[in-house]
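The figures here come from the full heavy-atom set of this structure, side chains too, leaving out hydrogens, waters and symmetry mates.
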Amino acid sequence: MTETRKTLILGSGPAGYTAAIYAARANLEPILLAGNQPGGQLTITNDVENYPGYPNGIMGPEMMQHFRDQAARFGTVIKDVMATKVDMSERPFTVEDQDGEVYKAETLIISTGASALYLGLENETKLQGRGVSACATCDGFFFKNKHVYVVGGGDTACEEATFLTKYASKVSMVVRRDQMRASKIMQDRALNHDKIEVIWETQVTDVLGVDQGRVTGLELTHTKTGDKRTVDADGLFLAIGHKPNTELFQGVLDMDDVGYLTAQPGKTAMNIPGVFAAGDCQDSYYRQAVTAAGTGCMAAIEAERWLEDQHG
(Lines give C-alpha, C1' and ligand atoms only; values in the text may rest on other atoms or scores of the structure.)
Protein backbone atom coordinates (compact mmCIF):
# COMPACT_ATOMS: atom_id res chain seq x y z
CA MET A 1 0.00 0.00 0.00
CA THR A 2 1.21 3.49 -0.82
CA GLU A 3 1.78 5.58 2.28
CA THR A 4 -0.58 8.53 2.58
CA ARG A 5 1.20 11.82 3.19
CA LYS A 6 -0.37 14.79 4.92
CA THR A 7 0.87 17.13 2.19
CA LEU A 8 2.12 16.65 -1.35
CA ILE A 9 3.61 19.62 -3.18
CA LEU A 10 3.63 19.67 -6.97
CA GLY A 11 6.35 21.89 -8.41
CA SER A 12 9.32 23.67 -6.97
CA GLY A 13 10.54 27.23 -7.37
CA PRO A 14 10.08 29.86 -4.64
CA ALA A 15 6.44 28.90 -4.05
CA GLY A 16 6.93 25.14 -3.79
CA TYR A 17 10.07 25.28 -1.68
CA THR A 18 8.61 27.89 0.69
CA ALA A 19 5.46 25.80 1.08
CA ALA A 20 7.71 22.84 1.86
CA ILE A 21 9.65 24.76 4.51
CA TYR A 22 6.48 25.81 6.30
CA ALA A 23 4.77 22.44 5.89
CA ALA A 24 7.80 20.55 7.17
CA ARG A 25 8.16 22.81 10.21
CA ALA A 26 4.48 22.16 10.93
CA ASN A 27 5.16 18.40 10.96
CA LEU A 28 3.13 17.80 7.82
CA GLU A 29 5.95 15.58 6.47
CA PRO A 30 5.68 16.95 2.93
CA ILE A 31 6.91 15.28 -0.19
CA LEU A 32 7.72 17.59 -3.10
CA LEU A 33 7.78 16.59 -6.75
CA ALA A 34 10.12 19.18 -8.23
CA GLY A 35 9.07 18.77 -11.87
CA ASN A 36 11.17 18.83 -15.02
CA GLN A 37 12.82 22.16 -14.13
CA PRO A 38 13.67 21.95 -10.42
CA GLY A 39 13.83 25.46 -9.07
CA GLY A 40 11.56 26.90 -11.72
CA GLN A 41 12.21 29.96 -13.86
CA LEU A 42 14.87 31.32 -11.51
CA THR A 43 17.22 28.56 -12.60
CA ILE A 44 17.60 30.37 -15.93
CA THR A 45 18.02 33.79 -14.31
CA ASN A 46 21.60 34.89 -13.81
CA ASP A 47 21.44 37.70 -11.27
CA VAL A 48 18.65 38.20 -8.73
CA GLU A 49 18.98 41.58 -7.06
CA ASN A 50 15.42 42.31 -5.93
CA TYR A 51 14.90 39.49 -3.42
CA PRO A 52 15.21 40.71 0.19
CA GLY A 53 18.16 39.40 2.17
CA TYR A 54 20.71 39.38 -0.64
CA PRO A 55 22.21 42.89 -0.60
CA ASN A 56 24.83 42.00 -3.19
CA GLY A 57 22.47 39.95 -5.34
CA ILE A 58 22.68 36.23 -6.01
CA MET A 59 22.66 33.90 -8.99
CA GLY A 60 19.22 32.42 -9.60
CA PRO A 61 20.32 28.76 -9.52
CA GLU A 62 22.28 29.32 -6.29
CA MET A 63 19.29 30.99 -4.67
CA MET A 64 17.04 28.09 -5.59
CA GLN A 65 19.59 25.65 -4.19
CA HIS A 66 19.41 27.58 -0.89
CA PHE A 67 15.61 27.25 -0.92
CA ARG A 68 15.88 23.54 -1.69
CA ASP A 69 18.48 22.91 1.03
CA GLN A 70 16.35 24.71 3.60
CA ALA A 71 13.27 22.67 2.69
CA ALA A 72 15.28 19.43 2.90
CA ARG A 73 16.82 20.44 6.23
CA PHE A 74 13.40 20.34 7.87
CA GLY A 75 12.58 16.93 6.45
CA THR A 76 10.92 17.56 3.08
CA VAL A 77 11.35 14.59 0.75
CA ILE A 78 12.27 16.09 -2.63
CA LYS A 79 12.03 14.05 -5.81
CA ASP A 80 13.12 15.38 -9.19
CA VAL A 81 10.20 13.89 -11.06
CA MET A 82 7.19 15.23 -12.92
CA ALA A 83 3.60 14.53 -11.93
CA THR A 84 1.79 13.08 -14.94
CA LYS A 85 -1.58 12.10 -13.43
CA VAL A 86 -3.58 13.65 -10.62
CA ASP A 87 -6.83 12.21 -9.26
CA MET A 88 -8.77 14.53 -6.94
CA SER A 89 -12.08 12.70 -7.26
CA GLU A 90 -11.67 10.86 -3.95
CA ARG A 91 -9.62 11.06 -0.78
CA PRO A 92 -6.81 10.68 -0.27
CA PHE A 93 -5.75 12.37 -3.49
CA THR A 94 -3.63 10.26 -5.84
CA VAL A 95 -0.71 11.46 -7.94
CA GLU A 96 1.41 9.45 -10.37
CA ASP A 97 4.81 10.51 -11.71
CA GLN A 98 6.48 9.80 -15.05
CA ASP A 99 8.12 6.68 -13.63
CA GLY A 100 4.77 5.22 -12.62
CA GLU A 101 5.28 5.75 -8.89
CA VAL A 102 2.05 6.54 -7.04
CA TYR A 103 1.68 8.99 -4.15
CA LYS A 104 -1.30 9.61 -1.90
CA ALA A 105 -1.89 12.74 0.14
CA GLU A 106 -4.56 14.37 2.28
CA THR A 107 -3.74 17.81 0.88
CA LEU A 108 -2.19 19.05 -2.36
CA ILE A 109 -0.26 22.26 -2.83
CA ILE A 110 0.05 23.10 -6.51
CA SER A 111 3.01 25.29 -7.42
CA THR A 112 3.66 24.20 -10.97
CA GLY A 113 4.50 27.73 -12.13
CA ALA A 114 4.17 29.28 -15.55
CA SER A 115 6.40 29.27 -18.59
CA ALA A 116 7.21 32.36 -20.60
CA LEU A 117 6.35 32.02 -24.25
CA TYR A 118 9.42 32.24 -26.46
CA LEU A 119 9.87 32.63 -30.19
CA GLY A 120 11.36 29.17 -30.63
CA LEU A 121 14.74 30.30 -31.95
CA GLU A 122 17.79 28.17 -31.22
CA ASN A 123 20.04 31.09 -30.26
CA GLU A 124 17.29 32.60 -28.14
CA THR A 125 17.50 29.56 -25.88
CA LYS A 126 21.32 29.62 -25.81
CA LEU A 127 21.34 33.27 -24.72
CA GLN A 128 18.69 33.08 -22.00
CA GLY A 129 20.05 35.03 -19.05
CA ARG A 130 22.74 36.52 -21.30
CA GLY A 131 20.69 39.30 -22.78
CA VAL A 132 17.51 37.35 -23.53
CA SER A 133 14.86 37.79 -20.85
CA ALA A 134 11.13 37.44 -20.35
CA CYS A 135 10.94 39.71 -17.29
CA ALA A 136 11.77 43.41 -17.47
CA THR A 137 11.09 43.87 -13.76
CA CYS A 138 13.65 41.16 -12.98
CA ASP A 139 16.37 42.13 -15.42
CA GLY A 140 15.83 45.72 -16.58
CA PHE A 141 18.37 47.08 -14.11
CA PHE A 142 21.19 45.30 -15.94
CA PHE A 143 20.57 47.29 -19.13
CA LYS A 144 21.44 50.79 -17.97
CA ASN A 145 22.22 53.02 -20.96
CA LYS A 146 21.78 50.08 -23.35
CA HIS A 147 19.65 49.63 -26.48
CA VAL A 148 17.12 46.86 -25.93
CA TYR A 149 14.36 45.33 -28.03
CA VAL A 150 10.94 44.19 -26.83
CA VAL A 151 8.93 41.65 -28.84
CA GLY A 152 5.15 41.90 -28.62
CA GLY A 153 2.23 44.24 -29.20
CA GLY A 154 -0.04 43.62 -26.24
CA ASP A 155 -0.43 45.32 -22.87
CA THR A 156 2.48 43.34 -21.42
CA ALA A 157 4.82 44.44 -24.19
CA CYS A 158 3.88 48.10 -23.77
CA GLU A 159 4.24 47.81 -20.01
CA GLU A 160 7.64 46.12 -20.30
CA ALA A 161 8.88 48.65 -22.86
CA THR A 162 7.77 51.59 -20.72
CA PHE A 163 9.38 50.07 -17.64
CA LEU A 164 12.67 49.51 -19.48
CA THR A 165 12.93 53.22 -20.33
CA LYS A 166 13.92 53.75 -16.68
CA TYR A 167 17.23 52.10 -17.50
CA ALA A 168 17.79 51.70 -21.23
CA SER A 169 18.93 54.52 -23.48
CA LYS A 170 16.56 53.28 -26.19
CA VAL A 171 13.79 50.70 -26.40
CA SER A 172 12.66 49.31 -29.75
CA MET A 173 9.37 47.43 -29.87
CA VAL A 174 9.08 44.77 -32.57
CA VAL A 175 5.43 44.29 -33.58
CA ARG A 176 4.35 41.66 -36.10
CA ARG A 177 1.34 43.54 -37.40
CA ASP A 178 0.67 47.16 -38.45
CA GLN A 179 -1.12 47.79 -35.16
CA MET A 180 -0.95 46.73 -31.51
CA ARG A 181 -3.37 44.58 -29.53
CA ALA A 182 -2.70 46.63 -26.41
CA SER A 183 -5.34 48.81 -24.76
CA LYS A 184 -5.35 52.41 -25.93
CA ILE A 185 -3.93 53.81 -22.72
CA MET A 186 -0.99 51.37 -22.81
CA GLN A 187 -0.38 52.10 -26.50
CA ASP A 188 -0.39 55.84 -25.86
CA ARG A 189 2.21 55.50 -23.12
CA ALA A 190 4.52 53.58 -25.42
CA LEU A 191 3.93 55.52 -28.63
CA ASN A 192 4.36 58.89 -26.97
CA HIS A 193 7.51 58.02 -25.05
CA ASP A 194 10.62 59.68 -26.43
CA LYS A 195 12.81 56.63 -25.67
CA ILE A 196 10.55 54.11 -27.43
CA GLU A 197 10.43 53.40 -31.15
CA VAL A 198 8.05 50.90 -32.73
CA ILE A 199 9.14 48.72 -35.63
CA TRP A 200 5.93 47.62 -37.35
CA GLU A 201 5.25 44.49 -39.41
CA THR A 202 8.46 42.87 -38.28
CA GLN A 203 9.59 39.68 -36.55
CA VAL A 204 12.79 38.70 -34.78
CA THR A 205 14.11 35.70 -36.72
CA ASP A 206 17.53 35.27 -35.11
CA VAL A 207 19.47 36.37 -32.04
CA LEU A 208 23.14 37.13 -32.53
CA GLY A 209 25.99 36.91 -30.07
CA VAL A 210 26.35 33.22 -29.15
CA ASP A 211 30.11 33.32 -29.79
CA GLN A 212 30.43 36.38 -27.55
CA GLY A 213 28.31 34.81 -24.82
CA ARG A 214 25.81 37.67 -24.82
CA VAL A 215 23.26 39.30 -27.12
CA THR A 216 25.00 41.59 -29.62
CA GLY A 217 22.35 41.92 -32.33
CA LEU A 218 19.18 40.65 -33.94
CA GLU A 219 18.01 39.58 -37.36
CA LEU A 220 14.73 41.30 -38.19
CA THR A 221 12.43 40.11 -40.97
CA HIS A 222 9.59 42.13 -42.48
CA THR A 223 6.39 40.09 -42.18
CA LYS A 224 5.08 41.06 -45.62
CA THR A 225 8.12 41.50 -47.86
CA GLY A 226 10.41 38.98 -46.17
CA ASP A 227 13.25 41.48 -46.28
CA LYS A 228 15.88 40.79 -43.63
CA ARG A 229 18.23 43.15 -41.85
CA THR A 230 20.63 42.95 -38.93
CA VAL A 231 20.60 45.44 -36.08
CA ASP A 232 22.85 45.95 -33.06
CA ALA A 233 21.16 45.13 -29.76
CA ASP A 234 22.23 44.76 -26.15
CA GLY A 235 19.16 42.87 -24.98
CA LEU A 236 15.97 41.12 -26.12
CA PHE A 237 12.87 41.01 -23.94
CA LEU A 238 10.08 38.60 -24.84
CA ALA A 239 6.63 39.92 -23.97
CA ILE A 240 4.35 37.60 -25.89
CA GLY A 241 2.75 36.06 -22.82
CA HIS A 242 3.10 33.30 -20.25
CA LYS A 243 1.48 29.90 -20.16
CA PRO A 244 0.59 28.52 -16.72
CA ASN A 245 1.62 24.90 -16.26
CA THR A 246 -1.84 23.72 -15.30
CA GLU A 247 -2.80 21.25 -18.04
CA LEU A 248 -3.12 18.43 -15.48
CA PHE A 249 -5.94 20.24 -13.71
CA GLN A 250 -8.12 21.34 -16.62
CA GLY A 251 -11.76 20.58 -16.10
CA VAL A 252 -11.18 19.82 -12.42
CA LEU A 253 -9.90 23.00 -10.77
CA ASP A 254 -11.23 26.50 -11.35
CA MET A 255 -9.10 28.50 -13.77
CA ASP A 256 -9.41 31.50 -16.04
CA ASP A 257 -9.50 31.48 -19.84
CA VAL A 258 -5.72 31.40 -20.09
CA GLY A 259 -5.34 28.57 -17.56
CA TYR A 260 -4.30 30.39 -14.37
CA LEU A 261 -5.77 28.68 -11.32
CA THR A 262 -8.41 30.74 -9.55
CA ALA A 263 -8.22 30.47 -5.78
CA GLN A 264 -10.69 31.82 -3.25
CA PRO A 265 -10.33 35.60 -2.83
CA GLY A 266 -7.42 36.46 -0.55
CA LYS A 267 -6.46 32.82 -0.09
CA THR A 268 -4.79 29.95 -1.90
CA ALA A 269 -7.63 27.44 -1.33
CA MET A 270 -9.11 26.01 -4.52
CA ASN A 271 -12.62 24.81 -5.31
CA ILE A 272 -11.80 21.30 -4.09
CA PRO A 273 -11.29 21.28 -0.30
CA GLY A 274 -7.74 20.36 0.64
CA VAL A 275 -6.21 21.68 -2.60
CA PHE A 276 -4.20 24.91 -2.59
CA ALA A 277 -2.44 26.85 -5.36
CA ALA A 278 0.65 29.00 -4.97
CA GLY A 279 3.09 30.89 -7.15
CA ASP A 280 2.94 31.72 -10.82
CA CYS A 281 0.39 29.03 -11.71
CA GLN A 282 -2.19 31.28 -10.03
CA ASP A 283 -0.56 34.69 -10.52
CA SER A 284 -0.66 36.40 -13.90
CA TYR A 285 -0.06 39.86 -12.44
CA TYR A 286 3.02 40.03 -10.19
CA ARG A 287 5.07 37.00 -11.28
CA GLN A 288 7.90 37.72 -8.83
CA ALA A 289 9.95 35.35 -6.69
CA VAL A 290 9.03 37.17 -3.49
CA THR A 291 5.28 37.07 -4.17
CA ALA A 292 5.50 33.40 -5.16
CA ALA A 293 7.27 32.63 -1.88
CA GLY A 294 4.56 34.54 -0.02
CA THR A 295 1.77 32.46 -1.52
CA GLY A 296 3.77 29.30 -0.81
CA CYS A 297 3.78 30.29 2.86
CA MET A 298 0.03 30.98 2.70
CA ALA A 299 -0.71 27.61 1.09
CA ALA A 300 1.21 25.66 3.73
CA ILE A 301 -0.50 27.50 6.59
CA GLU A 302 -3.91 26.98 5.00
CA ALA A 303 -3.15 23.28 4.46
CA GLU A 304 -2.08 22.91 8.11
CA ARG A 305 -5.25 24.58 9.39
CA TRP A 306 -7.46 22.61 7.03
CA LEU A 307 -5.96 19.37 8.31
CA GLU A 308 -6.49 20.50 11.90
CA ASP A 309 -10.17 21.11 11.14
CA GLN A 310 -10.51 17.66 9.59
CA HIS A 311 -8.84 15.82 12.46
CA GLY A 312 -10.18 17.96 15.29
His242 vs Ser284, side-chain hydrogen bond (donor to acceptor under 3.5 Å, both in side chains): CA-CA, chis, key distance, verdict: CA-CA 8 Å; His242 283 73; Ser284 62; over 6 Å; no
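- With sequence neighbours left out, Cys135 forms a disulfide (SG to SG under 2.5 Å) with Cys138.
- Looking at Thr76, its side chain never comes within 3.5 Å of a backbone N or O of Ala24 through a donor-acceptor pair.
- Not a single ring-ring contact (aromatic ring centres under 6.0 Å, His included) links Tyr54 to another residue, sequence neighbours left out.
- Side-chain contact between Asp206 and Lys228 is absent, with no heavy-atom pair separated by less than 4.5 Å.
- Put simply, the side chain of Met186 does not reach to within 4.5 Å of the side chain of Met180, judged on heavy atoms.
- With hydrogens and angles disregarded, a donor-acceptor distance shorter than 3.5 Å links the side chain of Asp234 to the backbone of His147.
- Taking the charged nitrogens against the carboxylate oxygens, Lys184 and Asp188 do have a contact shorter than 4.0 Å, which makes a salt bridge.
- Side chain of Thr156 to main chain of Ala239: no donor-acceptor pair is present (N/O by atom type, distance under 3.5 Å, no hydrogens or angles).
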Pair Ile110-Leu248, side chain to side chain contact (heavy atoms under 4.5 Å, CB included): steps then yes or no: CA-CA 11 Å; Ile110 299 168; Leu248 275 179; over 6 Å; no
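- At least one side-chain heavy atom of Phe249 sits under 4.5 Å from a side-chain heavy atom of Met88.
- For the pair Glu124 (side chain) and Tyr118 (backbone), a donor-acceptor distance under 3.5 Å is absent.
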From CA spacing to verdict: side-chain hydrogen bond (donor to acceptor under 3.5 Å, both in side chains), Ser183, Asp155: CA-CA 6 Å; Ser183 58; Asp155 279 355; 3.1 Å; yes
Verdict with reasoning, Thr84 to Gln98, per side-chain hydrogen bond (donor to acceptor under 3.5 Å, both in side chains): CA-CA 6 Å; Thr84 53; Gln98 81 258 24; over 6 Å; no
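- A side-chain donor-acceptor contact under 3.5 Å links Thr295 to the backbone of Ala292.
- Proximity of a side-chain donor or acceptor of Thr202 to a complementary backbone N or O of His222 within less than 3.5 Å is not detected.
- Without hydrogens or angle criteria, Gln282 side chain to Ala263 main chain gives no donor-acceptor distance under 3.5 Å.
- Contact check for Leu119 versus Ile240: side-chain heavy atoms found under the 4.5 Å cut-off.
- Residues Arg91 and Pro273 have side chains in contact (heavy-atom distance under 4.5 Å, counting atoms from C-beta outward).
- A side-chain donor-acceptor contact under 3.5 Å links Asn271 to the backbone of Asp254.
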